[in-house]
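Before any comments, here is the structure.
Source: prediction; values computed, not measured.
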Amino acid sequence: MRLSPLRSLVLLLAPVLAACRGDGAPAGGSDIGGTLIAVSAREPATLMPPLVSGSEGGAVVSALFDKLANLGPALETHGDSGFVPRLARTWQWAPDSLSIAFQLDSTARWHDGQPVSAADVRFTFRVYSSDSVGAEAASFLGNIDSVTTRDAHTAVFWFKRRMPQQFYDATYHMYVLPSHLLDSVPLTRLAESAFGRAPVGTGRFRFVRWDPKQRIEIASDTANYRGRAKLDRVVWTYVPDFGAATVKLFSGEADFFENILPENLPQVAQTPTLRVVNNRDLRYYFLGFNLRDPKNPAAPNPIFADLRVRRALSMAVDRQTLVRNVLDSLGEVALAPAPRALIPDTTAIKPLPYDVAAAKALLDSAGWRDSDNDGVRDKDGIPLAFEMLSPSSSGPRRKYAVLLQEQYRAIGVKATPLDLPGPEFGARTEQKKFDTYLGGWSPIPGNVGMRQTWASTGSGNDPKYVSKAFDALLDSALTTFDRTQSRVYWGRAFQQIIDDAPAVWLYEQHTPLAVHTRFVLPPLRPDGWYTDLAEWHLDPTKPRLDRDNIGLGAKR
């Protein structure tokens, strides 16, 4: 995908390594210092926070910038009890709950030494909510009417209506930006501004350098208002592909790789200096049925519009066996259109059972029978046959398609896998030109994106699932202030869509990370493994490498 040669990266790091002591001495009891080298096959396009997407840029931006408050590890977005202070030291709700006043930490400074102000917060909202910028987060800020400044260190968020997730809206989606550096940049030119290549933040790491197609380096901000990061520095090195990244990891030139492939895990296990960290992110995958006729979107699908057929196709799938065959210990059966980490009460959910006899009976009752003994059911001259689209870049989804083909054949259904290049796969699903497709979503905490993905009017609702009951339950779950009652609504909403079966909920995939054994990691957050990067540190009982002893004062 990129043309950055491996050799040039080796040469780039050589002076750094040569400048080190090279004695491999233990850290002497300290867990402060050291260098983490992360390798990646994908370089971010920008480090401008509102325009960053994906973990490649998200990891760097999360280290350099702060939010007003941070979501806690329980991912509880209802109210403010699940949040911890960051740039906002405290906050007060108005008696009518239509505004929140955030008091900023007066000791917080930008990395250029300027104090963080309420004007920065007001400016940040203007940037994130502007149509001229096109921030992905803008769609989650619709309930914020405005942001004003009460004094230099107090920013007030005004809301259009009371909602259980007002606090989450104001804090989770926006990294606070420096108005003194960006206010003069037209919002339409923000994407090309120099700031996106050399950002100035407030985080516990500060930006050091970005050598395009080679590396990004950040270093501990030793004067940070929340205390310095424990590591001296983190360096992301970029290589052309996953294979080159894997080579750098196993050669010892890199300490960390977030995209280690399952087939490389045995080699990690056999490498004494590496270990695997299980990372349960928020992605889930499904086989989606097109409920509209792909040849005539105004008409219902001749096969999948029938609920009995959809339920039969769900009940014919042995999802537990599929997970074991494809993912082994790196996955688990998906319960619903959300990962377990975002389902308020998993015990309230009753998945459709794996029951082949019941599946056959449902197809019989729907009139799909094998009238000509060719092994494929038919009805009114139409065979029960369809394509299953999957992106060629996804090994697990392609394997799932093959195994699904076998399980469907057992009930007289002809399902044909069709691998497509990513762009074509995306275009076909977006244009609804498919029978079924193996899709996946990575939702954010709070399930606030559920309206977009599965509600009747959702732009990402590619199967065109329409259910007034589900829409109503979803709205109730997202707007009910009583947390217990909200959990009840979520349970009913998930059960409704499970019973309606617009898709077969297949699996949640774990994404293991490979990291050098001299590093100690805090529990990884499913909404971003990098969230607590400032707490990563060296194990003081293990020898350091040369690159760990560079020190923050070393010349580069």
Side-chain angles (χ1 to χ4, degrees), residues 74-78 82 140 163-165 168 280-289 291 304 307-308 310-317 319-320 322-323 331-355 358 436-510 526-527:
L75 305 183
E76 177 55 65
T77 61
H78 213 96
F140 301 110
M163 293 286 285
Q165 307 204 57
Y168 170 74
R280 298 190 173 208
D281 64 21
L282 299 179
R283 286 178 287 184
Y284 69 93
Y285 297 86
F286 54 87
L287 177 71
F289 304 125
L291 304 190
F304 306 115
L307 173 61
R308 293 169 294 182
R310 301 198 303 271
R311 289 175 65 89
L313 293 175
S314 294
M315 297 169 70
V317 176
R319 299 181 297 155
Q320 191 64 56
L322 295 185
V323 166
E332 53 193 321
V333 171
L335 297 178
R340 284 170 173 74
L342 299 185
I343 296 177
D345 182 6
T346 56
T347 63
I349 292 177
K350 294 180 175 56
L352 295 178
Y354 170 52
D355 189 333
T436 71
Y437 74 109
L438 286 136
W441 286 113
S442 183
I444 60 175
N447 287 322
V448 293
M450 190 73 73
R451 281 197 181 101
Q452 179 185 0
T453 51
W454 293 104
S456 300
T457 57
S459 60
N461 180 4
D462 293 324
K464 303 307 292 181
Y465 168 60
V466 177
S467 167
K468 291 182 179 178
F470 175 75
D471 291 348
L473 289 165
L474 179 59
D475 285 342
S476 296
L478 289 170
T479 58
T480 299
F481 284 88
D482 184 284
R483 191 168 301 172
T484 301
Q485 188 59 42
S486 176
R487 292 166 63 92
V488 172
Y489 284 129
W490 275 119
R492 292 177 181 171
F494 284 130
Q495 195 61 54
Q496 181 70 47
I497 196 170
I498 290 170
D499 292 342
D500 288 341
V504 184
W505 318 112
L506 291 175
Y507 63 96
E508 300 174 31
Q509 184 178 1
H510 305 171
D527 59 333

### Query
Taking Gln320 for the side chain and Val333 for the main chain, is one N or O donor matched with an acceptor at less than 3.5 Å?
no
### Message
Please give me the minimum heavy-atom distance between Gly446 and Thr77, naming the atom from each residue.
### Response
CA-OG1, 3.4 Å
### Task
Locate the shortest heavy-atom distance separating Gln496 from Leu473; write the atom from each residue and the value.
CB-CD1, 4.2 Å
### Task
Could you tell me whether a side-chain N or O of Asp355 sits under 3.5 Å from a main-chain N or O of Met315, the two making a donor and an acceptor?
no
### Message
Looking at Tyr168 and Pro445, would you say the former's side chain and the latter's main chain have a donor-acceptor pair under 3.5 Å?
### Response
yes
### Task
Of all the heavy-atom pairs spanning Pro337 and Met450, show the shortest one and how long it is.
O-CE, 3.3 Å
### Query
When you measure from the side chain of Asp500 to the backbone N and O of Pro502, does any donor-acceptor pair fall under 3.5 Å?
no
### Query
When you look at Phe286 and Tyr437, which way does the ring-ring contact (aromatic ring centres under 6.0 Å, His included) test go after all the steps?
CA-CA 8 Å; Phe286 54 87; Tyr437 74 109; 5.7 Å; yes
### Query
For the atom pair CH2 (Trp454) and CG (Asp471), what is the distance rounded to the nearest 0.5 Å?
13.0 Å
### Message
Quick one, Arg451 and Thr457 - any side-chain contact, counting heavy atoms below 4.5 Å?
### Response
no
### Message
How long is the straight-line distance from CZ of Arg311 back to CG of Asp499, given to the nearest 0.5 Å?
### Response
5.5 Å
### Task
For Arg319 and Ala334, indicate whether the former's side chain and the latter's backbone hold a donor-acceptor pair under 3.5 Å.
yes
## Note on the structure
Between Leu282 and Pro443, the two heavy atoms sitting closest are O-CD, 3.0 Å
### Listed once per pair and sorted, the side-chain hydrogen bond (donor to acceptor under 3.5 Å, both in side chains) pairs that draw on residues 478-492, sequence neighbours left out
none
#### Entry: Point-to-point distance, once rounded to the nearest 0.5 Å, from CG of Leu506 to CG of Leu287
6.0 Å
### Query
What's the shortest heavy-atom distance between Asn461 and Ala455, and which atoms?
ND2-O, 3.0 Å
### Query
Do the side chain of Asp345 and the main chain of Gly491 share a donor and acceptor less than 3.5 angstrom apart?
no
#### Entry: Sidechain-backbone polar pair: Arg310 side chain, Ala503 backbone, donor-acceptor under 3.5 Å
no
### Summary
Between the CG atom in Leu335 and the CD1 atom in Ile343, the distance rounded to the nearest 0.5 Å is 5.0 Å
### Task
Check the angle between the aromatic planes of Tyr507 and Tyr285 and answer parallel, tilted or perpendicular using the 30° and 60° thresholds.
parallel
### Task
For Phe481 and Pro164, work out which heavy atoms get closest and say how close.
CE2-N, 3.6 Å
### Spacing of Phe494 atom CZ and Asn447 atom CG [to the nearest 0.5 Å]
4.5 Å
#### Entry: Sole candidate of Glu508, Gln509, Glu332 that passes side chain to side chain donor-acceptor pair (under 3.5 Å) when paired with Arg280
Glu332
### Task
Measure the spacing between CG of Leu291 and CG of Leu307 and express it to the nearest 0.5 Å.
10.0 Å
